[in-house]
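Structure record follows, encoded as structure tokens.
The figures that follow rest on heavy atoms only: side chains count, while hydrogens, waters and symmetry mates do not. Keep in mind the model is a prediction, meaning the values are calculated, not measured.
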Amino acid sequence: MFELLKNDGKARCGRLTTAHGVIETPAFMPVGTQGSVKAVSPQELRDLEAQVILGNTYHLFVRPGLEVIRHFGGLHKFMNWDGPILTDSGGYQIFSLAKLRKITEEGVRFQNHLDGTPTFISPEIAMEIQATLGTDIAMVLDDCPPWPCEREYAARAWR
């Protein structure tokens, strides 16, 4: 649940309540791409008063993989982090793999950047991956158009 606390023109601050805690916005969000914030322990993150960590759906899906995350009881336990976690959809990584991907109405087919394994992610699969991770805030699968791009491509990506 989001509660708007103050609004001053275009600036605002609020409170987002999740299953694993409250996030006061705006907030700094450390990035834990593969289940850890590099060179920072979970205790140090708590000491620094980090309110939320961003996990990367694509990278967690590829490595360590969903079976490993399931084995540990979800991403929170895997990371030893009891606070909120936001996971992105993996759309940016798919964008960065432009030479290895094909986008269709159903989803995107691409080659895993580590070993070239053919992979398919649809919007539904992106949400299933994030549910398996146990995220507090999940993002829908997005298409990040390059710049510059044709107006029609940007319009399709926006829909």
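In this structure, D136 contributes its side chain and I85 its backbone to a donor-acceptor pair below 3.5 Å. A distance-only check finds no donor-acceptor pair linking the side chain of S36 to the backbone of G32 [under 3.5 Å]. T57 places a side-chain N or O within donor-acceptor distance of the main-chain N or O of D88, the cut-off being under 3.5 Å. No donor-acceptor pair closer than 3.5 Å links the side chain of T25 to the backbone N or O of A27. Side-chain N or O atoms of N56 include one that pairs as donor or acceptor with a backbone N or O of H59 at under 3.5 Å. Checking side-chain atoms of Q51 against main-chain N and O of M29 turns up no donor-acceptor pair under 3.5 Å.
Remark: Q43 CD is packed, more than 12 non-hydrogen atoms of other residues, nucleotides or ligands lying under 6.0 Å away. Other residues, nucleotides and ligands place more than 12 heavy atoms under 6.0 Å from the CD atom of E3.
Residues R63 and L114 are in side-chain contact: their nearest non-hydrogen atoms beyond the backbone lie under 4.5 Å apart. Side chains of I69 and K77 form no contact here, defined as non-hydrogen atoms less than 4.5 Å apart. Within the 4.5 Å cutoff, the side chain of W81 has heavy atoms near those of the R46 side chain. Using a 4.5 Å heavy-atom cutoff, the side chains of L5 and E24 are in contact. For the pair I129 and L66, the minimum side-chain heavy-atom distance is below 4.5 Å. Within the 4.5 Å cutoff, the side chain of L45 has heavy atoms near those of the I53 side chain. Contact of the T18 side chain with the I23 side chain is registered, since non-hydrogen atoms from C-beta on lie closer than 4.5 Å. In this structure, the side chains of E44 and V37 stay at 4.5 Å or more apart for every pair of heavy atoms.
No hydrogens or angles considered: nothing links the side chains of E106 and S122 as a donor-acceptor pair under 3.5 Å.
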Show your working on side-chain contact (heavy atoms from CB on, under 4.5 Å) between V140 and S89 and close with a plain yes or no.
-> CA-CA 6 Å; V140 297; S89 69; 5.9 Å; no

Starting from the C-alpha separation in whole Å, work towards a yes-or-no answer on side-chain contact (heavy atoms from CB on, under 4.5 Å) for D143 and Y153.
-> CA-CA 10 Å; D143 180 3; Y153 183 9; 3.3 Å; yes

Can you list the steps and then say if N112 with T119 is a side chain to side chain donor-acceptor pair (under 3.5 Å)?
-> CA-CA 6 Å; N112 173 319; T119 306; 5.0 Å; no

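Taking CZ of R70 as the start and CG of L133 as the end, the distance is 9.5 Å to the nearest 0.5 Å. Rounding to the nearest 0.5 Å places CD of Q111 at 13.0 Å from CZ of R101. Expressed to the nearest 0.5 Å, how far CZ of R109 lies from OG1 of T104 amounts to 6.5 Å. In this structure, the separation between CD1 on I103 and CG on L141 is 8.5 Å, given to the nearest 0.5 Å. A distance of 5.5 Å separates OG1 of T33 from NZ of K38, quoted to the nearest 0.5 Å. How far SG of C13 is from CG of N7: 9.0 Å, rounded to the nearest 0.5 Å.
Counting all heavy atoms, side chain and backbone alike, P30 lies closest to A50 at CG-CB, 4.0 Å. Contact between F78 and P64 at its shortest, heavy atoms only, is CZ-CG, 3.7 Å. P84 and H20 get closest at one heavy-atom pair: CD-O, 3.4 Å. The two residues A138 and Q130 have their closest heavy-atom pair at CA-OE1, 3.2 Å. What you find for C149 and A154 is that their closest heavy atoms are SG-CB, 3.9 Å. Considering every non-hydrogen atom in both T117 and D115, the closest pair reads OG1-OD1, 2.6 Å.
Taking hydrophobic clusters as Ile, Leu, Val, Met, Phe, Trp and Tyr residues chained together by side-chain heavy-atom distances below 4.5 Å, V52 does not share a cluster with M1. With hydrophobic clusters built from ILVMFWY side chains whose heavy atoms lie under 4.5 angstrom apart, L16 shares a cluster with M139. F28 and I137 fall into different hydrophobic clusters, where Ile, Leu, Val, Met, Phe, Trp and Tyr side chains are chained together by heavy-atom contacts under 4.5 Å. There is a path of hydrophobic side-chain contacts, each under 4.5 Å, that joins I125 to V62. One hydrophobic cluster, built from ILVMFWY side chains closer than 4.5 Å, cannot hold both L86 and F61; they sit in different ones.
Aromatic ring pairs are classed by plane angle as parallel below 30°, tilted from 30° to 60° and perpendicular above 60°; the pair H113 and Y58 is tilted.
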